[in-house]
Number of protein chains: 2
Amino acid sequence: MVTRGRTDGTRPVAADGVPDAVGEDATGGEGSAAPVSVLRPVRAGNGFEETLEQVLQLLRLGLVPPGDRLPAERELAQHLGVSRVTLREVLKVLQDQGMVESRRGRYGGTFVLPRAAAADGSDELRRRVAAVDVEDTLRFREVLETGAAGLCADGLADGGAARLRAALEATQGARLEDYRRRDTLLHLTLAELSGSRSLAAQYASVRATLNELLDCIPLLVRNLEHSQQQHAAVVEAVLDRDAEAAREMMREHCAGTAALLRGFLA
Amino acid sequence: MVTRGRTDGTRPVAADGVPDAVGEDATGGEGSAAPVSVLRPVRAGNGFEETLEQVLQLLRLGLVPPGDRLPAERELAQHLGVSRVTLREVLKVLQDQGMVESRRGRYGGTFVLPRAAAADGSDELRRRVAAVDVEDTLRFREVLETGAAGLCADGLADGGAARLRAALEATQGARLEDYRRRDTLLHLTLAELSGSRSLAAQYASVRATLNELLDCIPLLVRNLEHSQQQHAAVVEAVLDRDAEAAREMMREHCAGTAALLRGFLA
DNA sequence: GGCTTAAGGTATGACAGAGAACCATTGATT
DNA sequence: AATCAATGGTTCTCTGTCATACCTTAAGCC
C-alpha cells in the first residue's frame with residue numbers, strides 16, 4: 001500500500017513506532033517522520049488505466065447518456081492528452097464489456113449502450129467498487145457539496161440562477177431510470193457555479209465514484225421524493241443568497257445518502 | 001490482451017489540476033453542450049513536470065524543513081511512482097536553482113537549503129505563480145478547511161486530539177521565519193484528521209499553491225497574532241466537538257487570509 | 001451512380017521513461 | 001587501516017506511448 005514502511009529497521013532520523021505524516025517536533029528539531037505521505041504517485045497506474053478512469057467518469061456521470069455518441073476518437077484523445085492508440089485500447093475494453101458500441105462510416109462513432117447490457121460481469125468493475133474507500137468518498141463529497149452550495153449562495157455568476165433552476169426542473173420531471181443522471185447533473189451544475197474549477201473537478205471525480213456505489217444499492221422511491229424536496233430547498237436558499245441555510249440543507253441532503261450507503265454497504 | 005504490467009497497484013489519492021479549454025463542437029443542440037469539459041488531461045505535462053510539482057510541494061509545505069534531508073532517491077522515486085532517472089532530473093534542476101544540495105556517501109543525501117539562497121531568480125518559479133488562479137485557490141481552500149474543521153469536530157480518531165494540541169502549540173512558540181511552516185503543519189494535521197484521504201491530499205496541494213502566493217506578500221505581525229487567536233479558537237471548538245463553531249471560526253480565518261491576498265495581488 | 005466526408009481501423013518509426021545493474025563516495029564501525 | 005553500508009552518480013536495454021500516415025466503411029450530396 002501507500003505508507004511504505006521500510007523493511008529493515010534502519011532509519012537515519014529517529015521516527016520509531018507510528019509514522020504519522022505530520023507528526024512534528026517541537027522547537028525546530030529535526031525528525032519529520034514520513035513527510036512523503038502527502039506525495040501522490042505521478043502516474044497512478046499507466047496511461048491506459050488513467051484514461052479508462054476518465055472515460056468511465058464520463059459515462060458514470062451521465063454526461064453522455066445511453067444512446068448518445070461519445071466525442072470522436074481523435075477529439076476525445078486530444079482532450080484527454082493521450083494518443084489515439086491508447087484511447088482506442090480503452091474503448092476496446094468498454095466495447096468488450098458491452099458498455100459502448102462502435103459504428104464506422106460517416107455519422108458513425110462510439111455510442112453509449114443502456115446500462116442493462118453492461119451486465120456487471122466484469123472483474124474490472126467489481127474490483128473497482130471493492131477498492132473504493134467508502135468513508136473517504138462520503139466525507140469528501142459532503143465537504144465539497146456544502147462548500148459549493150455556500151459559495152453559490154455567496155454570489156452566482158450571470159446566468160447561474162437560470163442554469164440552476166433549469167437543472168432543478170429537469171430532475172423533477174425525470175422518470176426513475178433517468179433520475180440518477182439528472183440528479184448528478186444538478187449537483188455538477190452547482191459545483192461548477194461555485195466559481196472554483198478545482199472544486200468542480202474534484203466533485204466530478206468523487207461523484208463518479210459515488211454513482212458507482214449507488215449502483216450497488218436499490219433505488220427507493222421514498223428517498224427519491226425526499227431528495228427532491230431537499231434539492232428544491234437548497235436551490236431556494238442559494239437563490240435567496242442565504243449561504244448558511246444552503247450549506248445546512250445540503251449537509252442534510254448528503255447525510256441522507258451517506259446513511260443509506262453506510263447501511264447497505266456496511 | 002491489454003493487461004499492462006506495473007508492479008505496484010497503488011492508487012491512494014486523486015489528482016489535481018484542471019486545465020481545459022478547447023473550443024467545442026456544438027453541432028446543433030442535442031442538449032448537452034460540452035460533456036468533455038470535465039475531462040482532465042491524463043497527463044498534465046510530462047513525467048518530469050509532474051514530478052517537479054510534487055517535490056516542490058514537499059518543499060513548499062515545509063514537510064522537509066531547510067537543513068533536513070529528503071528521502072533517498074530510490075525511496076522517493078518509488079513513492080512518486082517514477083523512475084529514479086526522472087526524479088534525478090528534477091533534483092538536478094532544484095540543485096541548479098539553489099534550493100537543494102546533494103551530498104554523496106553514506107549519511108549523504110539531498111538536503112534542503114534555506115529559502116534565502118533560492119533567490120527567486122528562476123523563470124520557472126515566476127511563471128508558476130503567474131499561472132495560479134487565485135480566486136480558485138482561495139475558494140477551494142476555504143471549502144476544504146471548513147470541511148476539515150467540521151469533520152474533525154464530528155469526531156477525532158484516537159490520538160487526534162493530542163496531535164492537534166501539539167501542532168497548535170508548535171505554532172505558538174514559533175519564530176517569525178518558522179511561522180509559515182508551523183502554520184501549514186497545523187492545517188495539514190487538521191486535514192489529515194478529517195478522516196478523508198482525498199481531502200487531505202487536495203488540501204496539501206492547494207496549500208502548497210497558497211504558500212507560494214503568500215511568499216509574494218509581506219508577513220505582518222498583526223495578522224499573525226490574529227491568526228494565532230483564530231487557530232486557538234478553531235482547535236478549541238474541535239475539541240469541544242462543536243462542529244458549527246469550528247466551521248465558522250475556520251471560515252473567518254480563511255476569509256482573513258483571502259482578504260489579505262486579494263488586497264495585495266489585485 | 002459516383003463523389004465527398006467524417007468517422008472508425010491499422011501499421012510504423014521515434015522517443016521518453018522504467019528498471020536494473022553497476023560505479024563512486026563517504027562516514028561509521030571494527 | 002580495513003571493511004561495511006547507504007547513499008548519490010552513471011549507463012544500458014526494453015517497453016509503452018506518441019505521432020503520423022494511410023486504409024476502410026458508410027451516409028449524404030451532386
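As a basis for the values below, the full set of heavy atoms in this structure was taken, side chains included, without hydrogen atoms, waters or symmetry mates. Naming: A, B, ... by sequence-line order, numbering from 1 per chain.
- Distance CD (Gln78(B)) to P (dG19(C)): 9 Å, rounded to an integer number of Å.
- The nucleotide whose nearest atom lies closest to any side-chain atom of Arg84(A) is, among dG8(D), dA21(D), dC18(D), dA21(D).
- For the pair Lys92(B) NZ and dG17(C) P, the interatomic distance rounds to 16 Å; values are reported in whole Å.
- Rounding to whole angstrom units, CD of residue Glu75(A) and P of dA6(C) are separated by 13 Å.
- Residue contacts shown for Arg88(A) include a base, since a base heavy atom lies under 4.0 Å away.
- Shown here are the salt bridge (charged side-chain N to carboxylate O under 4.0 Å, His left out) partners of Arg103(B), two or more places apart in sequence or in another chain: Glu101(B).
- One can place CD of Glu89(A) at 7 Å from P of dT17(D), the figure rounded to the nearest angstrom.
- Position along DNA chain D of the nearest nucleotide to Arg104(A) versus Val85(A) favours Val85(A) as the more 5'-ward residue.
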Dump the pairs, protein N or O against N or O of nucleotides 14-16 of chain C, anything under 3.5 Å, distances to one decimal.
none

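- The side chain of Ser83(A) contributes an N or O atom lying less than 4.0 Å from OP1 or OP2 of dC18(D).
- Put simply, Thr86(A) has no side-chain N or O that comes within less than 4.0 Å of OP1 or OP2 on dG16(D).
- A donor-acceptor pair is defined here as one N or O able to donate and one able to accept, closer than 3.5 Å; no such pair exists between the side chain of Arg139(B) and the backbone of Ser196(A).
- Atom C1' of nucleotide dA7(C) and atom CD of Glu101(A) are separated by 14 Å, given to the nearest angstrom.
- Distance alone, capped at 3.5 Å, is enough to place a donor-acceptor pair between the Arg182(B) side chain and the Ala170(B) backbone.
- Arg74(A) comes within contact range of at least one nucleobase, with a heavy-atom separation under 4.0 Å.
- One can place CG of Leu91(B) at 13 Å from C1' of dT7(D), the figure rounded to the nearest angstrom.
- Nearest-nucleotide assignment on DNA chain D puts the 5′-proximal partner with Val82(A), out of Gly105(A) and Val82(A).
- Contact check on Arg60(B) versus Glu53(B) returns a salt bridge, with a Lys/Arg side-chain nitrogen under 4.0 Å from an Asp/Glu carboxylate oxygen.
- Side-chain to base pairing of Arg106(A) with dG8(C): no donor and acceptor N or O lie closer than 3.5 Å to each other.
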